[in-house]
Amino acid sequence: MSRGMQLTFRVVHDGDERVITAGPTSIVAFERKWGMGFIAAMRDPRVEWMAWMAHDALHKAAVAGNGHAVTLFDDWLSGLSDIEVVSEEDAERPLAGTP
């Protein structure tokens, strides 16, 4: 669910389930890469777009020293087994593998 300029995902990657929040920098990066506004894209989202935003948020966290390094998108995608947008209430529940 969108919370202002944030989008929170629950992902299962390489067997680990975690919650990832994409903030404004990932949203702007999305708009630049895909050539469309974030709000328009969320009206009819594609799995690739959600995965790309989650990956971008993980990458930005790793660069800032707040997470593990991530592989290139296509390599990372091969380990992704599930992704969904979650609401604020869902994101507050602790999950296994959440940093």
**Study point:** Spacing of CD1 belonging to Ile83 relative to CH2 belonging to Trp49, to within rounding of 0.5 Å
**Key:** 13.5 Å

Exercise for review: Treat each ILVMFWY residue as a node, draw an edge where side-chain heavy atoms are under 4.5 Å apart, and state whether Met36 and Val85 are in one component.
Suggested key: yes

Exercise for review: Identify whether Met5 and Met50 are in the same connected component of the hydrophobic contact network (ILVMFWY, side-chain heavy atoms under 4.5 Å).
Suggested key: yes

**Study point:** Separation of Thr21 OG1 from Phe9 CZ (nearest 0.5 Å)
**Key:** 9.0 Å

Exercise for review: Answer with yes or no whether the hydrophobic clustering places Val70 together with Val63; edges join I, L, V, M, F, W, Y residues whose side-chain heavy atoms lie under 4.5 Å apart.
Suggested key: no

Practice item. Indicate the atoms forming the closest heavy-atom contact of Ala22 with Ala57, along with that distance. Key: CA-CB, 3.8 Å

Check your understanding: How long is the gap from CG on Asp16 to OG on Ser81, to the nearest 0.5 Å?
Key -> 9.5 Å

Exercise for review: Would you indicate whether the side-chain heavy atoms of Val11 and Leu80 approach each other to under 4.5 Å?
Suggested key: yes

Point to revise | side chain to side chain donor-acceptor pair (under 3.5 Å) involving Trp76 - partner list, sequence neighbours excluded | key: His13

Point to revise | Gap between atom NZ of Lys60 and atom CD1 of Ile20 - 0.5 Å precision | key: 13.5 Å

Study note, to complete from the structure: Applied to residues 22-35, the side chain to side chain donor-acceptor pair (under 3.5 Å) test, sequence neighbours excluded, yields Ser26-Asp56

Exercise for review: May I have the step-by-step check of side-chain contact (heavy atoms from CB on, under 4.5 Å) for Val19 and Thr8, ending in yes or no?
Suggested key: CA-CA 7 Å; Val19 172; Thr8 302; 3.3 Å; yes

Exercise for review: Using the rule that two of Ile, Leu, Val, Met, Phe, Trp, Tyr join whenever any of their side-chain heavy atoms come within less than 4.5 Å, decide whether Met53 and Val12 are in one cluster.
Suggested key: no

Exercise for review: Look up atom CG in Leu72 and atom NE2 in His55, then write down how far apart they are to the nearest 0.5 Å.
Suggested key: 6.5 Å

Study note, to complete from the structure: Sorted by chain and residue number, the ring pair (Phe, Tyr, Trp, His ring centres under 6.0 Å) partners of His59 (sequence neighbours excluded) come out as none

Review point. Is the shortest heavy-atom distance from the side chain of Leu7 to the side chain of Met42 under 4.5 Å?
Key: yes

